[in-house]
Protein chains: 2
Amino acid sequence: MSSQRRRKGSGRVTLADIAAKVGVSKITVSRAIRTPDKVSESLRLKIQRCIDEQGYIPNRAAGALASSHSQTIALLVPSFSNTVFTEVVKGVDEVMLSEGYQVLIGHSGYSTLEEERLIETFLQYAVDGVILSGSQHTERARRMLTQANIPVVEMMELADNPLGVSVGFDQVQAGKAVTEYLIGKGHKTIGFAGARMDHRAQQRLRGWREAMWQAGLSDDLLITSQAPSSYAMGANLLAEFVQRWPDLDALFLCNDDLAAGALFECQRRNIRVPHDLAVIGFNDLPIAASTAPSLTTVATPRYEVGVRSAKELLRMLNEEEVSESRIDLGFEVKARESA
Amino acid sequence: MSSQRRRKGSGRVTLADIAAKVGVSKITVSRAIRTPDKVSESLRLKIQRCIDEQGYIPNRAAGALASSHSQTIALLVPSFSNTVFTEVVKGVDEVMLSEGYQVLIGHSGYSTLEEERLIETFLQYAVDGVILSGSQHTERARRMLTQANIPVVEMMELADNPLGVSVGFDQVQAGKAVTEYLIGKGHKTIGFAGARMDHRAQQRLRGWREAMWQAGLSDDLLITSQAPSSYAMGANLLAEFVQRWPDLDALFLCNDDLAAGALFECQRRNIRVPHDLAVIGFNDLPIAASTAPSLTTVATPRYEVGVRSAKELLRMLNEEEVSESRIDLGFEVKARESA
DNA sequence: CTGAAAGCGCTAACAT
DNA sequence: ATGTTAGCGCTTTCAG
């Protein structure tokens with residue numbers, strides 16, 4: 001109703017509204033919220049009551065703009081449907097939340113270009129830090145992150161040349177260890193089956209190769225696909241393996257989804273696991289312990305990777321000294337019934 | 001180097017920097033980015049080149065503050081580890097992204113209080129709209145959303161009294177339909193097993209009850225737990241059922257994770273499915289089609305719920321007329337081998 | 001412990 | 001097609 005040529009505003013209750021109602025200045029209300037001990041108790045209570053009454057919700061965009069801190073970080077994972085990352089997310093979220101940060105989650109669909117787009121978007125939100133999955137990023141993504149001058153953590157695999165800190169475990173060694181486990185059990189004709197061969201899966205494949213070479217065994221029994229990983233794909237891969245190599249006696253599938261799918265297909269074909277064929281997976285997802293027979297696999301520290309990544313990011317955000325740039329959280333071969 | 005008492009700023013390249021470099025006003029740069037056709041081509045190209053050179057990234061906080069539109073919506077799901085919601089997220093994300101919105105995802109861990117906290121947080125980010133899971137929310141959450149005066153969609157179940165639009169399917173009818181399927185197959189001693197009995201699971205339970213009553217059958221064979229759903233929990237529930245009710249001839253588990261776990265436990269105990277016991281799940285997750293025997297279940301339109309929820313939200317954001325407030329996307333009993 | 005003034009980086013509104 | 005001015009809602013800086 002006042003002047004012409006007035007901006008509309010959001011129509012919501014603002015800090016100024018509260019200040020006016022209580023009869024103090026805006027900054028006092030701001031202090032009552034953010035640093036309550038710097039405001040006298042009586043005033044603080046009066047302000048708090050007014051805030052509750054009015055249903056005031058601070059506008060973070062304004063806060064971020066004024067302070068150039070958003071108290072927000074970005075977490076980029078390849079996929080939500082890949083259960084591996086749900087625990088990583090949980091770990092990151094718990095730690096960051098407890099320190100007053102909000103986590104913005106994005107999924108790149110295993111595409112570095114989509115990852116680049118997400119990084120750009122989240123930088124527009126003025127995130128204070130970024131946690132990325134893996135070490136493969138586009139040049140432009142690296143440039144944007146460098147120029148933004150904010151802390152970056154890369155997780156899950158150990159980066160050779162980290163943008164900041166790298167938290168994970170050695171995927172090559174894990175692939176090698178599990179293959180050596182099979183070799184130790186007396187298996188010789190050991191296949192590798194992979195789908196959605198992202199960089200980490202490729203590293204596991206390399207581990208399998210190295211183990212086979214060192215044992216003087218053939219690394220010919222190999223089928224990989226770029227298609228997404230799934231139970232159905234595990235079944236298909238099993239079918240193809242037994243058709244092409246009837247003498248196969250152990251199969252390493254690059255994740256538990258594939259391994260479970262292969263196991264189900266074995267049941268359908270009356271291939272007895274592990275008697276006729278040893279089956280081994282990767283990640284130790286919940287399903288691995290539950291199938292009949294249960295799946296031998298590699299337990300990976302997913303939750304811990306999330307927690308540690310968050311803690312390292314916090315350390316950088318607080319400008320504390322960073323201990324190391326590569327943090328290896330290890331892995332464990334989990335012997336069960338299938339191999 | 002200029003005056004004393006100067007604010008620091010973020011140190012990043014700003015719109016003003018680009019404008020100064022190109023020798024135009026800020027608003028022209030802004031237009032070149034947002035409404036390119038309102039700027040002459042030559043100027044547009046010059047500006048674009050400068051933006052690329054300088055690696056300029058717009059500050060959305062500033063934009064949102066100035067325009068009171070964040071081009072951002074919040075999507076709240078109970079859990080990431082529940083695969084049911086990964087497809088919902090995908091559906092929402094695809095639609096919103098294509099319309100230039102960013103989706104902020106939060107998970108409440110099946111807690112309405114945590115949901116309330118998330119709503120508060122996301123309102124601070126000045127989201128333009130909110131998509132919630134389910135129809136159960138705290139009073140304060142409802143108040144905040146109402147006061148924020150932004151469009152709200154509730155999804156997965158059909159709300160009796162929706163905050164805005166409700167998109168989903170009838171969980172009671174789905175539970176009833178699957179039970180009637182079992183009854184139609186001649187089963188009489190039909191149990192219901194549930195875990196993490198959220199509102200939707202309770203509705204399915206109600207459906208089971210109604211079907212049993214109408215058929216004159218007993219609804220005594222019931223075990224539920226508040227603990228999270230898992231394969232292991234499915235196995236436990238199966239074990240408890242066969243111990244307490246040895247004459248059980250069909251078991252409806254309130255989701256596929258439980259059903260798969262129960263199936264595995266049957267294999268371990270040499271209970272033949274479906275010969276000795278019919279097993280039926282809910283949701284038609286990928287695993288249902290892959291187990292041996294495959295799982296009979298209820299296919300739920302998860303992806304479609306996401307897509308439609310997003311579209312309804314967009315309709316409200318664009319202040320178009322909203323057709324209906326309850327949108328029923330249906331379900332389908334998926335007959336497979338286990339029942 | 002409280003406040004006044006200035007400004008964060010951008011866009012809406014009104015020019016030309 | 002381009003510019004000027006004001007202001008979004010908050011926090012920083014400096015004063016008292």
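In this text, all values refer to a predicted model and were calculated from it rather than measured experimentally.
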Would you tell me whether Ser70(B) and Tyr101(B) have side-chain atoms, one donor and one acceptor, within less than 3.5 Å of each other? no
Here the distance between atom C1' of dT11(D) and atom CG of Leu65(A), to the nearest Å, is 10 Å
Phe80(B)/Phe80(A) aromatic ring centres below 6.0 Å: yes
Taking the nucleotide of DNA chain C with the nearest heavy atom to each, does Asn59(B) or Leu43(A) sit closer to the 5' end? Leu43(A)
Does dA12(C) have OP1 or OP2 sitting under 4.0 Å from an N or O in the side chain of Arg34(B)? yes
Nearest nucleotide by nearest heavy atom, which residue falls closer to the 5' end of DNA chain D, His69(A) or Ala61(A)? Ala61(A)
Using whole Å, report how far CD1 of Ile51(B) lies from C1' of dC10(C). 13 Å
How is Thr14(A) classified with respect to the nucleic acid when contacts are heavy atoms under 4.0 Å: base, sugar-phosphate, or nothing? sugar-phosphate
In whole angstrom, give the distance that lies between atom CD of Gln71(A) and atom C1' of dC10(D). 15 Å
One should read off an interatomic distance between Asp160(A) CG and Ser135(A) OG, to the nearest 0.5 angstrom, of 7.0 Å
Respond yes when some side-chain nitrogen or oxygen of Thr28(B) is under 4.0 Å from OP1 or OP2 of dG3(D), and no when none is. yes
Taking the side chain as every heavy atom from C-beta outward, state whether Leu132(B) and Ile119(B) have any pair of such atoms under 4.5 Å apart. yes
Rounded distance in Å - CD (Gln124(B)) to C1' (dG9(D)): 13 Å
Hey, could you give me the CD/CD distance between Gln54(A) and Gln147(B), rounded to the nearest 0.5 Å? 8.0 Å
Has Ser30(B) got a side-chain N or O lying under 4.0 Å from the OP1 or OP2 atom of dT11(C)? yes
Atom CG of Asp17(A) and atom C1' of dG9(D): how far apart are they, to the nearest Å? 10 Å
Within this structure, what is the CD1-to-C1' distance between Ile57(A) and dG9(D), rounded to whole angstrom? 14 Å
Testing dT11(C), dG3(C), dT4(D) for proximity to the side chain of Ala66(B), the answer is dT11(C)
To the nearest angstrom, how far is Lys26(A) atom NZ from dA6(C) atom C1'? 10 Å
Does a side-chain N or O of Arg31(A) approach OP1 or OP2 of dT2(C) to a distance below 4.0 Å, or not? no
Taking OP1 and OP2 of dT11(C), is either one under 4.0 Å from a side-chain nitrogen or oxygen of Ser67(B)? no
By nearest-heavy-atom nucleotide on DNA chain D, the more 5' of Ala62(B) and Lys38(B) is Lys38(B)
To the nearest angstrom, how far is Asp37(B) atom CG from dA1(D) atom P? 9 Å
Would you say Tyr125(A) places a side-chain N or O within less than 4.0 Å of OP1 or OP2 belonging to dG9(C)? no
Cut-off 3.5 Å, side chains only: do Tyr125(B) and Asn59(A) have a donor facing an acceptor? no
Which of dA1(D), dT2(C), dG7(D) is nearest the side chain of Val39(A)? It is dT2(C)
Considering only side-chain heavy atoms of Ser40(A), which listed nucleotide, dG7(D), dC10(D), dC1(C), is closest? dC1(C)
